[in-house]
Every structure is written in structure tokens, then in C-alpha cells.
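Throughout, protein chains are lettered first and strands after them, A, B, ... in sequence-line order, and every chain is numbered starting at 1. Predicted, not measured: the structure shown is a model, and the values here were computed from it.
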Amino acid sequence: MPTTLPIDDLLLGLTDAQRDAVTHVDGPQLVLAGPGSGKTRVVTHRIAYLLRRGIPDRAILALTFTNKAADEMKARLDRLAPGANVWISTFHRFCARLLRRYASLVGLAENFTIYDTDDSRRLLRNVLRDQNYDTDQVTPDRIGGAISGAKNRLLSPEDFAPAARSVAGAIAAKVYPEYQARLLSANAVDFDDLLFHAAVLLRDNPEVRRALDERYRYILVDEYQDTNLPQYLIVRALSNDYPNLSVTGDPDQSIYGWRGANLKNILDFEKDYPDVQVVRLERNYRSTKRILRVADHLIAHNVRRKAKSLHTENDEGRPVRLVAYPTQQEEAQEIAARIASDMRAGRRRARDFAIFYRINALSRSLEDALREHGVPFQLVNSVEFYQRMEIKDVMAYLHLVNNPRNDVALARIINTPPRGIGKKTIETLAEHARRTGTSLLAAAREAGMIESLSKRAAVAVAKFVTLFDAIGEHAHGPVEEILGHVLTQSGYEEHLAASESEEDQERLANIQELLTAARQFDEQHSGDNALEAFLEQASLVNDTDGLEAEADRVMLMTIHSAKGLEFPVVYVVALEHGILPHERSLNDAEKEEEERRLLFVAITRAREELQLSHAVYRAFRGQQRMTVPSHFLLELPREEMELVEASRWGAASYRPTISGIRRGDGDWHDVERVVRDIRRDEFEDGAGSGRLAGRASATPSATPSADVGDDEDLGDTSFPFGAAAGVEPNRPERETSPREARVAATLATLTTGAELAAGSQAAEAPVSPDAFSLGMLVRHPEYGLGKVVALSGSGIKRMATVQFVTAPGQKKFVLAKSPLRPAR
DNA sequence: ATTCGCAAAGTTTTT
DNA sequence: CTTTGCGAAT
């Protein structure tokens, strides 16, 4: 036993409910824990309690979703039970380790590679290219998304049946088998596979399942509301014979539905595990009364939830600020100025602040402003270190050394730095590899025997193989040494050093940083498979995680990464229609509720002060656009808040402002109508004048070229067309929309096979590009009526820029390909 | 084969 | 506005 402290010490200062949760030992347990209710405390104390009750540390397994959460838990447990060796890790890491051990049972070798998103994308693109799929209509990412979705539902290539009417799904069904086959032949897995393979492993190998169930007698799962099907099955498989499973979570904080998280997992927990002990932690120890009431008021608008009462004994606190800024620049500037001023006055330190946004792309103006004000800040999950080109290049050498079948890695480095091996040569090698059923590296070894390869190319490839084998000689020992060999022998370092450009010098510096990371890794990890462990770590860990956790900096992050954290002062920016709720969540009640939960999570991170803001104008794709405030703002209790309007900045004419969407104005709840009204106004008084051009309204939208997408964005935002514009009245009600027709047509061609699919274009023949002129009214089957505001190019390259009435923004069309036609 | 330049397209969220 | 991809020139 690691300690001699009496058990009572562990329970000191816990509430009754917390104590119940902590002292539960055998049998299933569900801890419903509201935000700030001391959940992590309960979990760590419970682990310590189990240990002191004599349960061996190796029998305990704690699973989390993020590395951050795992690290936090480890650190806190270490204080309670120093020296205990409890396995606390993310689901993905746990599965990786499981699969290393039982690799052969799922068709892998134990030195398999974990492809990151970028690697997976490359692989998928290759498959699409080789099978001649036309990706004009659907982006590879969408197809990848469909495959990912299948894996999250535990559907193998054979089982996968795409949703009807989904082009991405249809193509995915075609390429999923090949994609998966190539992963396996490269001895690689993607992120989804980690969970997928593990779930299948446990499902199909009863003896393995039984052994693991027996070993992990006590399992704890954090954020259970975010588990998806494979995760759910893994947990179930490991807690069947010994159902000592404790899950914690909060349905109101479920924000990973898009990744297949299933709320039912937590809502039905009591059905899955009879005789469950349910503990509710509803008292909040984190936030002020006002902040908590704002959060509570908001989340009450969700229908699909278990109501719970949040309360706190904390101070009343200051009102929550709700600010309308004229522009995003002013938003960023003023926030930076406020932070700087609080710091200067000695009221706060930089680390007291956090700024949250819905999407990463929104961080830039904030970064600029903070820099200007001399405020130190740190981005979480931005351009990740391991995603940089030079790091990926160097890492690819390591990956290939570790797993010679890693084709993506080989393709990446065979000509990096340049060694006279071109696209054509690689293509020939790939073909040979596929024909003979070997890896790229094996094909490269046989380069001399491939007839279609020129002598010069064969020699270059042979030289590369020799070089690579020389590196392979040093595959053992500390990672730092291996890395050193890679850098010198590959010529990569020399190549960069020879360059004059500042960019390349920066890359060199990054590589130095990687060397440092490798050294640190070597110091902390001893053991034979250092390289493999290092690569796995790099694949599953975010660079900034833990690296400078203690740094005194303002933290900038997405709301998703903010989950589980807390800060004295929180700013949430860009609460605008189309951003939060995100555009792609509109027209789907369930998704919209998830967006609301997202805001709930953001709000409940704040301890003392909270500011929510939106900007009336925000730059999108380079141009300023008027926005519409998020309708979630209407759902907040005004009596808890202090409203600051755009007019304070001398912008009285901006519209709409928050004061314009007072509660009680009934119809203002209908944000869609608000958006429409704005659009119509602008079209009416802007028609014919240049003003129309720059004043697109709120909602970003799909690009014209991608208009045959998933069924999820079939939504229609058409509205009665104002008489003032003098054109046609309402768009006809749609029975079968043109888009649906085209989706059906495309699907029909797909079913005839990949080869044919390549030739399938849109169903309707375009009219001659010359038929269009400036100012002409045109009709698009999807977007309806619009006006040509610009023309460029000629012949088949002739393009038109069109301002639609019913769709936001302007869209560009290649006339020869588009279904656009004159309006009459 | 490589590099450079321009045009087009693109912005959810994470492991 | 930025990044990525493709085509032309060296």
C-alpha cells in the first residue's frame, strides 16, 4: 500500500453526495455531475479510496477523452496516493495499447502505425484518384467523414450501407473497402480504427474479453455522455463479469454528437446496468450565482434533457456582460484592452483569463490584438506542432523505420529532400506495389527489375533505399539518437541549412524543438521500444497539452477544448447566427441543442466574470459581412446581465443590435425571418447599385460547385420575394427539388460503377456561356433568382458572379458547367 | 524534375 | 484574406 493515511482523510471536506460517490466500491455507479460540482475531485478521491481499501492499482482503469483530462487526473491522484500505478489514459491510447498486444487478431502487426488526419486524407485521396472518382461534386473530406461515420457506428466495409440520397455516402461505400484494405496492407490504423478494432477485438474474441474484464476489475469513465458506439461497447465488454463500472458525466455537456457520441449511452445507463447507484452532484463550487443562473436559464431551452437544478453558495457576483461590437476588430481590441488593464492594475494575472470561440479560424484577430497590447497568450490546439511540414517530414522517416510498410510515409520522404525521384516514378512504384501486393518500400527495393522505370529513376530509387537502410541501422536506442541519424543521413538538415529563406531557418528551429522533445521523451521513458512509443505519443498527443500548463498566459481555445477547464474570467466571442449555432447545425433540432450545450459549457467555465459578445460586422473570406446575433442570446436572463450596445462605439446605425432583439418582441425569436428581412432590405435598396456587392448577410453557405452534398444540407431558405424588386413572386413550392433530382441522378450513375462515375456530370445541360450578360437576371435550381454582377473569362472558362436574393453572399460560377440559366 | 506563379477554393468542433 | 492546387517555365 502506498500510504498509511487513514481513510477518513480522503473524505474530509466532501459533501454527503460526494462522499457517497467516493465510497462506492462494488457494482455499477452513475455520477451525474453538473458543471463545477467537483467531479474530478470525486473521481480521483474514489480511486484513492479503492486503493486504500486494498484493491491493487493494476486492477483499476480510468478512461478519459482528452489527454488534458487524463494528465489532470494523474496529477491529482498522485497527490492523494503517491506512487500508485493506476492506468489513467484516453480511450484512444488505451485502445492503441490493447491493439499492440493483440494486433494479429485484427489483422495488424504490433508495430502498426497510427495515421493522423492528414495521413488518412492522403490515403483516401490516393484511393479516390486510383479509382477515378470525380470529386467535383463531393470533397474527399466529406467522403472521409462518411467513412468515419461508418466506423463510429461499428460498420465494416461489408456492412456499410450509405444513407439514401447521399452522394458522399454512396462514394464512401464504394471506396471504404479499398481504403480499409490499404490501411491494413500498410499496417496502419486511422483514429477511428483504434476504437473500431478494439471493439471488434473484444466482440470476436471471448477469451481475450474475459481476461481483460478480469484484469480491469474497476473501471471509471469520465465524460460518459460523449461516448460513441465503439467506446460504449468497449466499456461494456470490460465490465460484464465484473460490473464495477463507474461513469461520470453530464448530458448537458455532451458536445461530441458529430463524432458519433450517443447521449443514450448515459441516459440508458440505468437500464444497461441494473442495481446502479446513482449520485447527483448538483451543487456548483465554481461560478457566481449570476453566471450559474445565466447558464441554467439557457440550457432550460433544450427539450431533450433531464432537468436538473444547479445551485451554488458562492457570491452573487457581477452581472454577465453582453456586448455588441461594431466589428470583430473592435471586439478583439476591446477585450485585449480590458485584459491588459486588469493586469496592469494588478487585479488579475494573464492566466486568469480565457477567450473561447466556436471555430479556430476566429482566433486570429484576437491574437493580433493581444500581441498589440503586450498580453502574453497561448493558443490551444492551433497549428499543431506535429502538423508542420518539416516535422511531418522528419517524423515520416521515423515512421518508416518503425513500420516499413507505411506507404504514406514513404511517399512523403522518398523525394524529400529532392533526390530526382518524381511523381511519375513514385506512381510507377505504387503501381508495381499494388500489382505484386507489396509495400512501396518493397517495390522500391525492386526498382532495378521494374521495366517501365527508366534507368536514371531506378538508380535514384536504389540510392534512396541504400540511404534509408543506413538510417535503419540505428533504429534502436534513444529516440534522440535515431532522430539525429535521420537528420544528417537523409540530408534534410543540410538541405534546410543551405537555404537562405527565413522560413527554412524557422523550420530548422522547429526541428531543434523536436530534438528537444525527443530528448525529454528519452529521459522519461526507458525501455526497448522507445521509437514506437515516441511515435504513438506524437500521434495521440497535442503539442501544447501539458507543455506549458503552468505558464502565465491568456488561454485562447475553442469551446470544445475548454471542456473540463475553468477560469476566473471568461470571454466568449462571435455569438452570431451561423457561427454559434454553427451554420451546419441549423435546420436540425438535435444539432442545434448541441450548439446550445456548447454555449452552456462555455459559460460554465467561468468562475467570477463572464463576457459574451458578438460583432455586427465580421470579415468572412476577406470581406466584411453583416451578421445576425445568435438567437441563443435571446434565451439569456436579461436581469442577470449588463448590456453594452454597438452604439456606444458611435455606431448607432448598425443593425441589428442587441437592443433590437429585446425579449418579448415575439417574432424576433424567428431569427430566420430576421435574416430574411435584412436580406430583402438590402436587395431592395441595393439593387442595381454597387452597394449590393459588398453587403451580403449573415449566413455563410455552401459553395456552388459543391451543391450536391449530403442530405443534411438540403435545407431551403427561400422567402417570398418582395414586389419592389419587380421580378417574379414566390419561388414555387418544391415537391422534388432540382437538387434532389440531381442527387438521384448522380446516385444512379454511381451504382453502375466507379469507371462510369468518373464521367457523370450534372444532369442538366448548361446553356451557352455567351448567353449571359451583366445585370441579367438569372435562375439557379438551388439558389433561385439572382442577378449577374460580374463576368470574367471567355469560352468554357467564362465565369459569372451572381448575387442571389434567397442565398447569402455572392457566388461564382463556371458558366459552362453550372446549371445557371437566364431568368426568362 | 523542380520551382515558381497564379487562380480557385475554402472555414466546425477532437483523438 | 489565406491556403491549396494546378499549370507553365526553367
Side-chain angles (χ1 to χ4, degrees), chain A residues 63-70 89-96 114-117 120-121 125 135-136 139-141 145 148 151-152 189-196 223 226 228 230-231 254-261 356-365 380-381 383-384 386 389 415-426 454 456-457 460 536-542 545 557-563 574 578-586 591 594-595 597-598 601-602 618-624 700-706 792-793 797 799 809 811-814:
Chain A
L63 296 172
T64 66
F65 278 78
T66 63
N67 294 299
K68 215 174 241 151
S89 88
T90 63
F91 265 101
H92 290 262
R93 188 182 293 279
F94 171 76
C95 291
I114 301 169
Y115 277 1
D116 65 19
T117 319
S120 313
R121 192 182 294 138
R125 268 208 272 260
T135 48
D136 264 10
T139 64
D141 282 354
S148 172
K151 289 182 175 180
N152 286 161
V189 298
D190 62 22
F191 282 136
D192 299 316
D193 278 345
L194 287 170
L195 305 175
F196 181 94
E223 311 282 13
D226 283 330
N228 62 19
Q231 288 166 327
S254 165
I255 55 178
Y256 283 99
W258 50 275
R259 209 171 71 181
F356 303 151
Y357 33 81
R358 173 67 232 267
I359 56 178
N360 279 308
L362 290 171
S363 70
R364 182 159 233 128
S365 50
V380 176
N381 282 356
V383 184
E384 284 149 55
Y386 286 105
M389 193 208 346
N415 199 35
T416 316
R419 338 190 139 85
I421 302 171
K423 227 170 109 185
K424 187 81 201 311
T425 308
I426 298 173
S454 75
R456 205 176 66 168
E536 181 172 311
Q537 161 117 337
S539 304
L540 296 178
V541 176
N542 286 314
D545 277 356
M557 67 188 88
T558 63
I559 302 174
H560 280 91
S561 18
K563 190 158 82 154
I579 294 180
L580 187 78
H582 191 269
E583 213 247 321
R584 294 179 61 162
S585 306
L586 269 27
K591 283 184 181 168
E594 181 156 313
E595 298 285 308
R597 290 195 291 269
L598 214 38
V601 167
R618 185 170 299 278
F620 191 80
R621 284 192 196 165
Q623 49 181 262
Q624 294 283 340
S701 81
T703 55
S705 61
S792 64
K797 291 202 162 174
M799 304 207 21
K811 296 180 192 306
K812 285 192 175 178
F813 294 91
V814 178

Legend entry - Near-parallel close stack of A:W258 and B:dT13 base (under 5.5 Å, under 30°): yes
Legend entry - Which residue lies more 5' along DNA chain B, comparing A:K424 with A:F65 via nearest heavy atoms: A:K424
Inset, instruction - Looking only at non-hydrogen atoms, find the nearest pair between A:I559 and A:L598 and report the distance. - result: CG2-O, 3.2 Å
Legend entry - Nearest-Å distance for atom pair OH/C1', residues A:Y115 and B:dT15: 17 Å
Inset, instruction - Tell me whether the OP1 or OP2 atom of B:dT13 has a side-chain N or O from A:N360 closer than 4.0 Å. - result: yes
Inset, instruction - Report which part of the nucleic acid A:R419 touches: base, sugar-phosphate, or nothing (heavy-atom distance under 4.0 Å, all strands). - result: sugar-phosphate
Inset, instruction - Mind listing the closest non-hydrogen atom pair of A:R259 and A:N152 along with its distance? - result: O-OD1, 3.0 Å
Legend entry - Residue mapping more 5' on DNA chain B - nearest nucleotide basis, A:Y256 or A:N415: A:N415
Inset, instruction - Starting from P on B:dT15, measure out to CG on A:D190 and report it in whole angstrom. - result: 15 Å
Inset, instruction - Classify the nucleic acid contact of A:S539 as base, sugar-phosphate or nothing, counting any heavy atom under 4.0 Å across all strands shown. - result: nothing
Inset, instruction - Could you check whether the rings of A:W258 and A:H560 sit parallel, tilted or perpendicular, using 30° and 60° as the cut-offs? - result: perpendicular
Inset, instruction - Measure from the side-chain heavy atoms of A:T90 and tell me the nearest of B:dT15, B:dT14, C:dT2. - result: B:dT15
Inset, instruction - Take the protein atom CG of A:N67 and the nucleotide atom P of B:dT14, then report the distance between them rounded to whole Å. - result: 13 Å
Inset, instruction - Could you check how far CG of A:L362 sits from C1' of C:dC1, rounded to whole Å? - result: 14 Å
Legend entry - Minimum-distance pair of heavy atoms, taken over all atoms of A:E595 and A:L580: OE1-CD1, 3.5 Å
Inset, instruction - Pick base, sugar-phosphate or nothing for A:F91, based on heavy-atom distances below 4.0 Å to the nucleic acid. - result: nothing
Inset, instruction - Report yes if at least one side-chain N or O of A:N228 is closer than 4.0 Å to OP1 or OP2 of B:dT15; otherwise report no. - result: no
Legend entry - Closest to side chain of A:A361, choosing from B:dT13, B:dT11, B:dT15: B:dT11
Inset, instruction - Please state whether the phosphate of B:dT14, meaning OP1 or OP2, lies under 4.0 angstrom from any side-chain nitrogen or oxygen of A:T558. - result: yes
Inset, instruction - Mind calculating the distance between CD1 (A:I359) and C1' (B:dT11) to the nearest angstrom? - result: 5 Å
Legend entry - Closest to the A:R125 side chain, choosing from B:dT11, B:dT15, C:dG5: C:dG5
Legend entry - Per A:T425 side chain, nearest of listed nucleotides C:dG5, B:dT13, B:dA1: B:dA1
Legend entry - Span that lies between the C1' atom of C:dT4 and that of B:dT13, in whole angstrom: 22 Å
Inset, instruction - With heavy atoms under 4.0 Å as the rule, sort A:D116 into base, sugar-phosphate or nothing. - result: nothing
Inset, instruction - Please report the shortest heavy-atom distance between A:T90 and A:F65, naming the atom on each side. - result: CG2-O, 3.8 Å
Legend entry - Rounded distance (Å) that lies between atom C1' of B:dT2 and atom CZ of A:R456: 12 Å
Legend entry - Under-4.0 Å side-chain N/O to phosphate OP1/OP2 contact, A:T117 with B:dT15: no
Legend entry - Separation of B:dT14 C1' from A:I114 CD1 (nearest whole Å): 15 Å
Inset, instruction - Would you mind telling me which of B:dT13, B:dT2, B:dT11 lies closest to the side-chain atoms of A:F620? - result: B:dT11
Inset, instruction - Could you check how far CD1 of A:I255 sits from P of B:dT15, rounded to whole Å? - result: 11 Å
Legend entry - Charged N-O contact under 4.0 Å between A:R597 and A:E594: yes
